[in-house]
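Working notes, beginning with the structure itself.
In this text, all values refer to a predicted model and were calculated from it rather than measured experimentally. All chains are named by letter (A, B, ...) in the order of the sequence lines, taking the proteins before the strands, and each is independently numbered beginning at 1.
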Amino acid sequence: MGPIQIKQILECKIGTQVVVKGWVRTKRESKNAVFIAINDGSTIHTIQAVAESGQINEDTLRLITTGSCVRVVGLLVASAGAGQAVEVKIEEVEVYGTADPDHYPLQPKKHSLEFLREIAHLRPRTNTFSAILRIRHTLAFAINQYFNDHGFFYLHTPIITASDAEGAGEMFRVTTLDLNKLPRTDEGKIDFKEDFFGRETNLTVSGQLEGELGAMALSKIYTFGPTFRAENSNTTRHLAEFWMIEPEMAFFELEDNMNLAEDFVKYVIGYAVQHCADDLEFLQKRLEEEEKSKPQNERSMPLLEKLNFVISNAFERVTYTEAIDILLKSKPHKEKKFQYDVAWGIDLQSEHERFLVEKHFKKPVILTNYPRAIKSFYMKQNDPNPAEPGATVRAMDVLFPGIGEIIGGSQREDNYDKLVTRMHEVGIEPEALWWYLDTRKFGTAPHAGFGLGFERLVLFVTGMGNIRDVIPFPRAPKSAEF
RNA sequence: UCCUAAAUAGCUCAGUCGGUUAGAGCAUCUGACUGUUAAUCAGAGGGUCGCUGGUUCGAGUCCAGCUUUGGGAGCCA
């Protein structure tokens, strides 16, 4: 199906007649020969096509520049030069599309990531971004594979939702109303009965609630789809549109949930290490170059070493109460180096999480049993524990070095009365989520689940520093060009 | 949204105390050389110094506002 790609061509036997179709990375001319490095994105490697001087006519040769697209027909031969095992001896060359060197922004040189963000339509043609996109694909594939192998069903939860009670953040409004001529009710409010769905609708901030409905029928489901948050977040870890993986399992308690999260993350990272060796090696070298400008003590582990470390070591599991204890006894707390005070009941700040993960444990950490007051209404309430100053819920956050929270999850409250009471306490109308509450009314069951930010996973695996560089076309405040 | 730094050639940056004609490397073009590896060497072209206003005899440089971007914080995945 379709032409053979460079990845396969590089593995063909010498003497094979091949057709190479791809984009020119560099062209080098010498007295006796012309060298063209071609890449088609199937691999990080280029294939070198060689022609005798004068073999390609002047007019055609002039059009072969960095960024142009070509088709080359020739024989795969052992390379006469060092640097590559095989090359294509050109018999015929055709230029599909030119790329005027005066205007094509990608030059055969290093570009800053900031500049490449401004040309997001072309940056997949760079080594760095094609490597990231191949790794991103591989991780997505591994995720589906893992869940399929473990008896999960891929549930497609809705993108458009009428529930604004999920409490996961600001939402994007979905409407077909004419914004210049909004229909009004008698009280002067916007009349959403006139809107497409006959009610207020938004883009989803989480598929969890619907995911729970699926788990209460299929036992184990997962969602993997786009998620939207209209928060005015300007950080290297946030996007307005991102992809989230949300497994939800009946008959899973918190412990099972943690075991699954850890096994799952290790599997998908391991899958990428196994299947993206070339790309990861390239990114590792790139990072090492970048780190050269940093002082010795700030340099981090080589990328592959870091990934293997995470795969082969057990995540540290501590309760929120234990974590607060560690922080209270920590040096930065005693020396008042933390910007935010530590006390039982606070929501842990970035600096606290970083201390626990990067300084204290030096490995991924799963924090559990957070105070009820700082967590969502749907989390299962723990029985009172004399060792804990206040009420807690069966929540779990998986914290990764450099990324922070990569997974947030919990065992869910399966007791109807407790759930309704909690909803009243936090100001959510139970009537609005009557369908959600029905699962607790009819055949309720212990169950649990979590949400994994896909881009944060890609960020960790690729070693990149900004989340806008691990999604093809990032959506962020004041930024939706491509 | 807050804090902070920045914006000068296609890209990455330098530009001293406010002073004459705006600097480099890479890229591009031309030539030389070479089974080359992001080739090398020589030369050439390339600038509304983010925008608006102000201070000044004189502003890339100082001041104010705005815009955009980087980093950090909050919100979270």
Candidate list A/Y222, A/F242, A/F224, test ring-ring contact (aromatic ring centres under 6.0 Å, His included), partner A/F454, passing option =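 Only one of A/Y222, A/F242, A/F224 forms a ring-ring contact (aromatic ring centres under 6.0 Å, His included) with A/F454, namely A/F224.
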
Side chains of [X] and [Y]: closer than 4.5 Å at any heavy-atom pair?
{"X": "A/E248", "Y": "A/Q208", "value": "yes"}
{"X": "A/Y104", "Y": "A/T66", "value": "yes"}
{"X": "A/R468", "Y": "A/R117", "value": "yes"}

Whole Å only: how far is the CG atom of A/L116 from the P atom of B/A27?
->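 After rounding, the gap between these two atoms is 17 Å.
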
Given atom CG of A/L139 and atom P of B/A77, what is their separation to the nearest angstrom?
->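 So the two atoms are 20 Å apart, to the nearest Å.
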
Distance between [atom1] atoms of [N] and [M] (Å, rounded):
{"N": "B/A42", "M": "B/U34", "atom1": "C1'", "value": "15 Å"}
{"N": "B/U61", "M": "B/A7", "atom1": "P", "value": "11 Å"}
{"N": "B/C49", "M": "B/A9", "atom1": "C1'", "value": "10 Å"}
{"N": "B/C63", "M": "B/A6", "atom1": "P", "value": "11 Å"}
{"N": "B/A73", "M": "B/C17", "atom1": "P", "value": "34 Å"}
{"N": "B/U69", "M": "B/C26", "atom1": "P", "value": "31 Å"}
{"N": "B/G72", "M": "B/G10", "atom1": "C1'", "value": "31 Å"}
{"N": "B/C62", "M": "B/A14", "atom1": "P", "value": "14 Å"}

Between the side-chain atoms of [X] and the base atoms of [N], is any donor-acceptor pair under 3.5 Å?
{"X": "A/S233", "N": "B/C76", "result": "no"}
{"X": "A/R62", "N": "B/C29", "result": "no"}
{"X": "A/Q107", "N": "B/G10", "result": "yes"}
{"X": "A/Q339", "N": "B/G72", "result": "no"}
{"X": "A/E118", "N": "B/U68", "result": "no"}
{"X": "A/K31", "N": "B/C33", "result": "no"}
{"X": "A/R28", "N": "B/A38", "result": "no"}

Side chain of [X] only, heavy atoms from C-beta on: which candidate in [options] is closest?
{"X": "A/H238", "options": "B/U1, B/C11, B/G74", "value": "B/G74"}
{"X": "A/N32", "options": "B/G35, B/U36, B/A38", "value": "B/G35"}
{"X": "A/E114", "options": "B/U69, B/A38, B/U34", "value": "B/U69"}
{"X": "A/N232", "options": "B/U28, B/A77, B/U1", "value": "B/U1"}
{"X": "A/S79", "options": "B/C76, B/U1, B/G35", "value": "B/G35"}
{"X": "A/F242", "options": "B/A77, B/C29, B/U36", "value": "B/A77"}
{"X": "A/P108", "options": "B/G35, B/A27, B/C75", "value": "B/A27"}
{"X": "A/R229", "options": "B/C76, B/U28, B/G70", "value": "B/C76"}
{"X": "A/M244", "options": "B/U12, B/A77, B/U28", "value": "B/A77"}

Sugar-phosphate, base or nothing in reach of [X], heavy atoms under 4.0 Å:
{"X": "A/Y340", "result": "sugar-phosphate"}
{"X": "A/P105", "result": "nothing"}
{"X": "A/I407", "result": "sugar-phosphate"}
{"X": "A/A33", "result": "nothing"}
{"X": "A/I406", "result": "sugar-phosphate"}
{"X": "A/S30", "result": "base"}
{"X": "A/T66", "result": "nothing"}
{"X": "A/N466", "result": "sugar-phosphate"}
{"X": "A/Q84", "result": "base"}
{"X": "A/R237", "result": "base"}
{"X": "A/E246", "result": "nothing"}

Does one side chain, of A/E246 or A/S206, offer a donor that lies under 3.5 Å from an acceptor on the other?
->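 Judged by distance alone, the side chains do pair up.
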
Which base, if any, makes a Watson-Crick or G-U wobble pair with [N], both distances under 3.5 Å?
{"N": "B/G65", "result": "B/C51"}
{"N": "B/G31", "result": "B/C41"}
{"N": "B/U1", "result": "B/A73"}

Nearest nucleotide by nearest heavy atom, which residue falls closer to the 5' end of RNA chain B, A/G465 or A/W243?
->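 Its nearest nucleotide being more 5', the pick is A/G465.
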
A/F147 and A/F264 aromatic centres sub-6.0 Å |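 For A/F147 and A/F264, the ring centres are under 6.0 Å apart.
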
Would a line drawn from the ring center of A/H352 to the ring center of A/F338 be shorter than 6.0 Å?
->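 Distance test on ring centres: under 6.0 Å, yes.
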
Test: A/K362 cationic atom under 6.0 Å from A/F309 six-membered ring centre, within 45° of axis |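 Output no; distance or angle outside limits.
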
Would you say whether A/F35 stacks on B/G35? The test is a distance between ring centres of less than 5.5 Å and an angle between planes of less than 30°.
->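 So no, this residue does not stack on that base, at least one cut-off failing.
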
Evaluate the ring planes of A/Y370 and A/Y320, with Trp represented by its six-membered ring, and classify them as parallel (under 30°), tilted (30 to 60°) or perpendicular (over 60°).
->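 Rings of A/Y370 and A/Y320: tilted, 30 to 60°.
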
